[in-house]
Amino acid sequence: MRAPLLLLGLVGVLWFYATLPSIWLAAPVRDVTARILSDDRFKSGTLSKLVAQIAVRPSLMVEPSDFVRGEALILLRTSEEMIGRKSPEDADRKVEAATDKVKYSLSVNPTDAFLWLMLYSTAISRDGLDFRNIKYLDQSYVIAPFEGWIVLRRNRVGLALFQSLSEATQQNVLTEFGAMINSGFIDDAAMNLEGVGWAERDRLLTTLERANEIPREAFARRLARDGVKAIVPGVEIDQRSWR
């Protein structure tokens with residue numbers, strides 16, 4: 001009886017020391033992930049140092065899903081920063097490694113709408129505009145059509161290739177635009193309308209019929225300040241007063 005208990009205790013000690021590096025890295029990976037999601041900037045070398053620490057830690061048979069997700073996002077950011085700084089071959093290898101990690105993270109948690117969006121963005125940076133990759137963006141919308149913290153990045157992407165999207169995804173992009181304004185993201189919505197979404201301005205403005213009055217008026221004032229002539233449903237603005 002004693003031998004099995006000793007063996008069990010030894011296994012427990014070995015498991016603890018094997019997982020200790022991952023435990024130590026959990027907090028910094030979590031913090032960096034939150035900053036990446038907020039689109040923060042990092043000091044030079046910060047992410048590379050963390051990537052190196054992750055690379056040398058012992059691998060676990062079962063990785064926590066949030067750790068896998070964090071590693072994928074960190075590799076994505078570092079690969080993006082290497083484009084233009086390293087040789088095309090080195091940059092391609094980094095992008096490929098980041099893509100593989102994103103796919104692995106999605107195999108662990110296939111309902112991560114943000115990672116589906118990132119998988120699409122990575123595929124575009126690697127392969128250029130390949131319509132076969134649009135399925136990743138479609139999946140992001142299917143999983144979370146109204147995910148508040150994703151919309152600022154995703155809506156711009158969706159509008160940039162609007163005519164190539166399915167009718168269902170087009171409708172999600174339009175609804176997402178209206179939700180941005182309803183949530184107070186006036187400046188971001190204005191940039192989307194005046195930029196990549198200008199060709200679809202009539203359909204985008206129609207979505208504001210269901211928006212609350214205050215953000216709708218704020219959006220109309222922002223367009224007027226920018227000198228954009230557009231009819232926001234239910235709002236009358238004297239263009240001369242904003243010149």
Side-chain angles (χ1 to χ4, degrees), residues 37 39 69 72-73 76 80 95 98-99 102-103 105-220 222-223 226 228-235 237:
L37 294 175
D39 206 20
R69 181 178 193 257
L73 290 174
L76 273 178
E80 289 172 358
V95 170
T99 301
V102 169
K103 289 180 177 179
S105 182
L106 285 170
S107 73
V108 176
N109 182 12
T111 60
D112 192 323
F114 185 72
L115 276 185
W116 282 111
L117 173 62
M118 290 297 95
L119 184 59
Y120 169 76
S121 298
T122 305
I124 288 295
S125 68
R126 183 189 60 198
D127 304 328
L129 184 57
D130 187 335
F131 294 113
R132 291 173 297 180
N133 293 324
I134 292 177
K135 62 186 177 183
Y136 301 139
L137 182 62
D138 289 338
Q139 189 67 12
S140 178
Y141 275 108
V142 167
I143 291 170
F146 310 117
E147 191 75 44
W149 57 277
I150 297 178
V151 301
L152 298 183
R153 186 178 304 198
R154 188 173 64 185
N155 191 251
R156 185 170 62 249
V157 172
L159 287 172
L161 65 154
F162 190 82
Q163 289 300 325
S164 301
L165 301 175
S166 67
E167 184 177 343
T169 303
Q170 284 185 355
Q171 188 56 52
N172 281 331
V173 173
L174 295 171
T175 304
E176 185 176 60
F177 177 81
M180 286 176 63
I181 294 172
N182 230 11
S183 299
F185 297 116
I186 305 301
D187 293 339
D188 295 280
M191 286 189 288
N192 286 3
L193 177 75
E194 298 169 19
V196 293
W198 185 246
E200 309 300 331
R201 59 190 179 278
D202 292 337
R203 295 182 68 180
L204 289 169
L205 291 169
T206 299
T207 66
L208 302 187
E209 294 175 353
R210 297 182 295 277
N212 294 328
E213 182 178 356
I214 292 177
R216 201 176 345 132
E217 290 178 350
F219 184 68
R222 167 60 197 264
L223 294 182
D226 293 345
V228 176
K229 293 183 178 180
I231 298 175
V232 178
V235 180
I237 293 287

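Numbers here simply count residues along the sequence, with the first being 1.
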Just by modelled atom types, is the [Y] backbone N or O under 3.5 Å from a matching donor or acceptor in the [X] side chain?
{"X": "Trp116", "Y": "Thr111", "result": "no"}
{"X": "Arg201", "Y": "Gly197", "result": "no"}
{"X": "Arg156", "Y": "Val196", "result": "no"}
{"X": "Ser140", "Y": "Tyr136", "result": "no"}
{"X": "Asn172", "Y": "Val142", "result": "no"}

Are [X] and [Y] close enough that some pair of their side-chain heavy atoms sits under 4.5 Å apart?
{"X": "Asp188", "Y": "Asn192", "answer": "no"}
{"X": "Phe114", "Y": "Arg153", "answer": "yes"}
{"X": "Val228", "Y": "Arg222", "answer": "no"}
{"X": "Pro145", "Y": "Thr175", "answer": "no"}
{"X": "Glu217", "Y": "Val232", "answer": "no"}
{"X": "Leu165", "Y": "Leu137", "answer": "yes"}
{"X": "Leu193", "Y": "Phe177", "answer": "yes"}
{"X": "Leu205", "Y": "Ile231", "answer": "no"}

What closest approach, in Å, do [X] and [Y] show between heavy atoms, and which atom pair accounts for it?
{"X": "Pro110", "Y": "Ile143", "result": "O-CD1, 3.2 Å"}
{"X": "Asp112", "Y": "Leu106", "result": "O-CD2, 3.8 Å"}
{"X": "Glu200", "Y": "Phe162", "result": "CD-CD2, 3.5 Å"}
{"X": "Asn182", "Y": "Asn212", "result": "OD1-N, 2.8 Å"}
{"X": "Ala189", "Y": "Met180", "result": "N-CE, 3.7 Å"}
{"X": "Arg216", "Y": "Ile181", "result": "N-CG2, 4.4 Å"}

For the [atom1] atom of [X] and the [atom2] atom of [Y], what is their distance to the nearest 0.5 Å?
{"X": "Met191", "Y": "Leu152", "atom1": "CE", "atom2": "CG", "value": "9.0 Å"}
{"X": "Ile134", "Y": "Ser166", "atom1": "CD1", "atom2": "OG", "value": "9.0 Å"}
{"X": "Ser183", "Y": "Glu176", "atom1": "OG", "atom2": "CD", "value": "10.5 Å"}
{"X": "Asp202", "Y": "Trp198", "atom1": "CG", "atom2": "CH2", "value": "8.5 Å"}
{"X": "Gln139", "Y": "Thr169", "atom1": "CD", "atom2": "OG1", "value": "10.0 Å"}

> Hey, which of Asn155, Val173, Leu159 is the one that makes side chain to side chain contact (heavy atoms under 4.5 Å, CB included) with Leu204?
Replying inline: Leu159
